[in-house]
Each structure stands twice: as structure tokens, then as C-alpha cells.
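Notes follow the structure.
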Number of protein chains: 2
Amino acid sequence: MTIAEVAKRYGLTTDTLRYYERVGLLPVIGRTASGIRNYTESDCEWVSYIKCMRSAGVSVETLVEYVRLFRQGPETLARRKQLLIEQRRQIAGRIESLTEVLRRLDKKLDGFEADLARYEENLK
Amino acid sequence: MTIAEVAKRYGLTTDTLRYYERVGLLPVIGRTASGIRNYTESDCEWVSYIKCMRSAGVSVETLVEYVRLFRQGPETLARRKQLLIEQRRQIAGRIESLTEVLRRLDKKLDGFEADLARYEENLK
DNA sequence: ACTTGACTTAGAGCGGGCTTTAAGTGGTAC
DNA sequence: GTACCACTTAAAGCCCGCTCTAAGTCAAGT
């Protein structure tokens, strides 16, 4: 699979995919005889995972660390699990705080109904 | 209330507060005779609102627009309400997508239990 | 043989959101 | 009066995460 195909499949640009590989956020992708990246299905799964975690705001740095541990093999399983648990905790926290904001916005919107009604009453 | 007090109260730096004011994200804060910012309670409410929205990822630009409309008076009430509704929609979407990510992470963590158990079995 | 177009690299550039710097003023403590 | 510290401004700088540029290679089509 070429970089362009992978980019299209996951809605990333080829620049971003090369950037991710360069900083160690993806495994080094195999090349054809002429040096062109050839993504395997397993590479694609990494792309999918990374895209998902980035969309949730997990930093490039954190994900690089995860990939680094993965490359070291099964003796890092426990630490990787800890990393995931920590990421999970952070995302759950983020959801909670966003839910708070939502509540606040809803209250504010309630106030708007009243203000707006009053304002339109005065216009008459 | 001085800028330092407000900064402490809301967990922002004085730099950030000045920056917010400069770009139009807060009303222009009144000054004492010698030119020192003097925050009113109403200013503080703005700080609180802005901090809340920024924490939810609403862009500075969007918030500036909201503040701009507010300053124009009650004839912009309807448009401000529309802005808030749009912000609400985006935040709700964000919560949904984070919830998705959480589910995915949980699945991955399930896999880890199995892998880890298998690995430790092999160590024996 | 030549054009086209997708790929390659290293490295520079960009946008958002602060954050720091430089240079200066004002008010209180000794 | 002078040391000190919090405040002021305009402008430059920084970090993250891409994004773009320049210069070049390769393979297929005509």
C-alpha cells in the first residue's frame, strides 16, 4: 500500500504520515526496491491507532514513548499497560470537564432565552 | 482587584490575562490613576467564562467574536445565542468522539490482560 | 527520448496560543 | 533619596504539530 493510499484511507496527508514516521510515532515503513514506502496491514493498524489517540489529544511525545516500548518487545508489556491506563484516565478526565462546560453553556443558554424574550418584548 | 490577584484566583498567569485583554478576549480593564489594572467582579466573570471555554478548546478567535458581539449590545443577542449553540454542538461532538476513544482503549486494555498473562506464563 | 506525476529527502516555515524580554513607571519601606 | 517590587507597554520568542519547499529519483505512457 502506498503512502497516498494510506493517507486517503485514514484522512491524513502524506506529509503527516512521513512526519509521524520521522519522529518515531510509526514503525519504520518498509520500502520497495526503488525506495518507495510500502505500508503493510500491520502498519495501517498503527496509523489507525495513532490517529485515534492524536484525535483525543494524546501528545506526540507520549505516543512516541509507547511505540518505543512496543519495539522493545514483550518485557515492556506491563509498562505499556500502565501508559494506556494513564491515557485512559486523562481522557476520562477530559470528558468530565467537557461535560461540566456543557452544563455551564446550557445554563447560559437558558439565560439567553429570558434575555431575548425580554429584549423582543421591549422592541414592540 | 489587581491582575496578580485575578491570576491567582483563576489559575492563569498575569501574562495570559494581559494577552487576553490585548486580543479582545476580555473587556478593556479599568485602570487606577497610575495606570494599574483594576478588575471588577464583572471582569472576573468574564475571566471565568473565557477560561472555561478555552479549557474546552474553543478558539481564541471564536471567543473574540463573541466578546465583540456582546459589546455591540442587545441587538446581537440572537447571534450570540447562535454562537453558543454552535459551541455547544462542537463540545458535545468532542465528548462523543472522546467516548469512542475510551471504548477503544478499553478494548486494547482487555487485550493486554491476555497478552500479559500469556507472557508471564511463559516466563515460568 | 521526453513528459508526467507520484514518490523521496532534508530542512525551512507556519499558526495558535501563550510567554518572555526589554525598557520603563509608580508607590511604599527604610 | 534610594532600594525594591509590582506594575506598565510593545514586540520578539517559543513550543507543538504539522505543512510546505526545494531538489531530486523513478516508472509508466506516448
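Bear in mind that the values here come from a model prediction, so they are computed numbers and not experimental data. Chain naming here is simple, since letters A, B, ... match the order of the sequence lines and numbering starts at 1 in each. Atoms considered below: every heavy atom in the structure, side chains included; atoms not considered: hydrogens, waters and symmetry mates.
Side-chain contact check for Y119(B) versus L123(B): some heavy-atom pair is nearer than 4.5 Å. With contacts defined as side-chain heavy-atom distances shorter than 4.5 Å, the pair Y39(A)/L17(A) qualifies.
When distances are taken from the side chain of V60(A) to each of dC7(D), dG17(C), dG17(D), the shortest belongs to dG17(D). Minimum atom distance to the side chain of R31(A) is reached by dT8(C), of the listed dT8(C), dT19(D), dC7(D). Out of dT19(C), dT8(D), dC20(D), the shortest distance to the side chain of D15(A) is found at dC20(D). With distances taken from any side-chain atom of R22(A) to the nucleotides dG11(C), dT19(C), dG17(D), the minimum falls on dG11(C). You'll find that the side chain of A4(B) is closest to dC7(D), out of dT19(C), dC18(D), dC7(D). Considering only side-chain atoms of S34(A), the nucleotide from dT8(D), dC26(D), dG17(D) that sits closest is dC26(D).
Side-chain N/O atoms of R18(B) include none lying less than 4.0 angstrom from OP1 or OP2 on dA10(D). OP1 and OP2 of dG16(C) both lie 4.0 Å or more from every side-chain N or O belonging to Y19(B). Phosphate proximity of dA6(C) to T14(A): absent, as no side-chain N or O sits under 4.0 Å from OP1 or OP2. The shortest distance between the side-chain N/O atoms of T2(A) and the OP1/OP2 oxygens of dC7(C) is below 4.0 Å. Phosphate contact (OP1/OP2 of dT9(C), side-chain N/O of R37(A), threshold under 4.0 Å): present. Note on T16(B): a side-chain N or O is less than 4.0 Å away from OP1 or OP2 of dT19(C).
A cation-pi geometry, defined here as NZ or CZ lying under 6.0 Å from the six-membered ring centre and within 45° of its normal, holds between K108(B) and Y49(A).
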Checklist entry - Checking side chain to side chain donor-acceptor pair (under 3.5 Å) for the pair Q90(A)/E86(A): CA distance, chi angles, key distance, verdict? => result CA-CA 6 Å; Q90(A) 284 181 21; E86(A) 174 58 19; 2.9 Å; yes
